[in-house]
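Each remark here refers to the structure printed beneath this line.
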Amino acid sequence: MKGILLTEAIISLLLVSILLVFGFESITLSLAQTDKIEAQIEVTSLLNFVYGYLSKYEIKHNVSNITAASINNLYWNGNVQYPKVSSLSFQDLSKTISSNQKIKYRKAYIVVEQKPGKTIEFVFIFGL
């Protein structure tokens with residue numbers, strides 16, 4: 001009878017330890033997912049700022065003086081952190097839609113550095 005109680009106690013302790021391991025593992029995985037989602041939200045916030053800032057400039061305005069460093073300084077108030085804009089370039093284009101009508105637009109190529117070594121590329125298109 002004592003052997004059966006000892007076996008049941010050992011099995012119970014084993015099951016409890018397995019449950020604890022899986023519990024800690026699931027907590028760790030959920031925290032990792034939370035960090036990933038938080039990083040995506042930060043990138044989206046930065047892109048929203050960049051889009052709002054660049055949308056002020058019409059096609060006729062010269063944007064060659066706008067740099068990634070100036071946007072980062074404005075967004076981070078001089079204390080640049082990650083995510084940050086690592087490169088920014090513009091291309092002015094036009095498309096003929098009929099014999100006498102042209103649409104002018106600007107493409108902005110933006111590379112955002114989420115963390116050191118991890119970059120994401122985006123393209124914004126601005127019309128007249």
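Nothing fancy with the numbering, it's 1 onward along the sequence. Because the structure is predicted, anything quoted here is derived from the model rather than measured.
- Here the closest non-hydrogen pair linking Ile66 and Phe90 is O-CE1, 4.2 Å.
- Shown here for Phe49 and Ile71, the closest heavy-atom pair between the two residues is CE2-O, 3.9 Å.
- Checking side-chain atoms of Thr44 against main-chain N and O of Gln40 turns up a donor-acceptor pair under 3.5 Å.
- The hydrophobic cluster containing Leu13, built from Ile/Leu/Val/Met/Phe/Trp/Tyr side-chain heavy atoms closer than 4.5 Å, comprises no other residue.
- Linking Ile, Leu, Val, Met, Phe, Trp and Tyr whenever their side-chain heavy atoms come within less than 4.5 Å leaves Ile18 and Ile10 in two separate clusters.
- The closest donor-acceptor contact from the side chain of Asn73 to the backbone of Ala69 lies under 3.5 Å.
- Among all heavy-atom pairs drawn from Val80 and Lys84, the shortest one is CG1-CD, 3.8 Å.
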With side chain to side chain contact (heavy atoms under 4.5 Å, CB included) as the test, would you mind laying out the steps for Leu88 and Leu54 before giving the verdict?
CA-CA 11 Å; Leu88 179 66; Leu54 294 178; 4.3 Å; yes

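- Heavy atoms from other residues, nucleotides or ligands lying under 6.0 Å from CD of Gln81 number more than 12.
- When every heavy atom of Ser86 is checked against every heavy atom of Glu113, the shortest pair comes out as CB-OE1, 3.9 Å.
- One distance of note links OG1 of Thr119 with CD of Gln114; it measures 9.0 Å at 0.5 Å rounding.
- Using cut-offs of 30° and 60° for the angle between ring planes, the Phe126 and Phe124 rings count as perpendicular.
- For the side-chain hydrogen bond (donor to acceptor under 3.5 Å, both in side chains) test, no residue two or more places apart in sequence or in another chain qualifies with Lys107.
- Here the rule is side chain to side chain contact (heavy atoms under 4.5 Å, CB included) with Val85, and of Val111, Leu47, Asn72, Thr67 only Asn72 fits it.
- Under a cut-off of 6.0 angstrom, the local environment of NZ in Lys95 is sparse, with at most 12 non-hydrogen atoms contributed by other residues, nucleotides or ligands.
- Looking at residues two or more places apart in sequence or on another chain, you find a side-chain contact (heavy atoms from CB on, under 4.5 Å) between Ser98 and Asn100, Gln101.
- Counting all heavy atoms, side chain and backbone alike, Ser45 lies closest to Tyr75 at OG-OH, 3.0 Å.
- Linking Ile, Leu, Val, Met, Phe, Trp and Tyr whenever their side-chain heavy atoms come within less than 4.5 Å leaves Tyr82 and Leu46 in two separate clusters.
- Between the CG atom of Leu93 and the NZ atom of Lys104 there is a distance of 12.0 Å, given to the nearest 0.5 Å.
- Rounding to the nearest 0.5 angstrom, the gap separating the CD1 atom in Ile11 from the OG1 atom in Thr7 is 6.5 Å.
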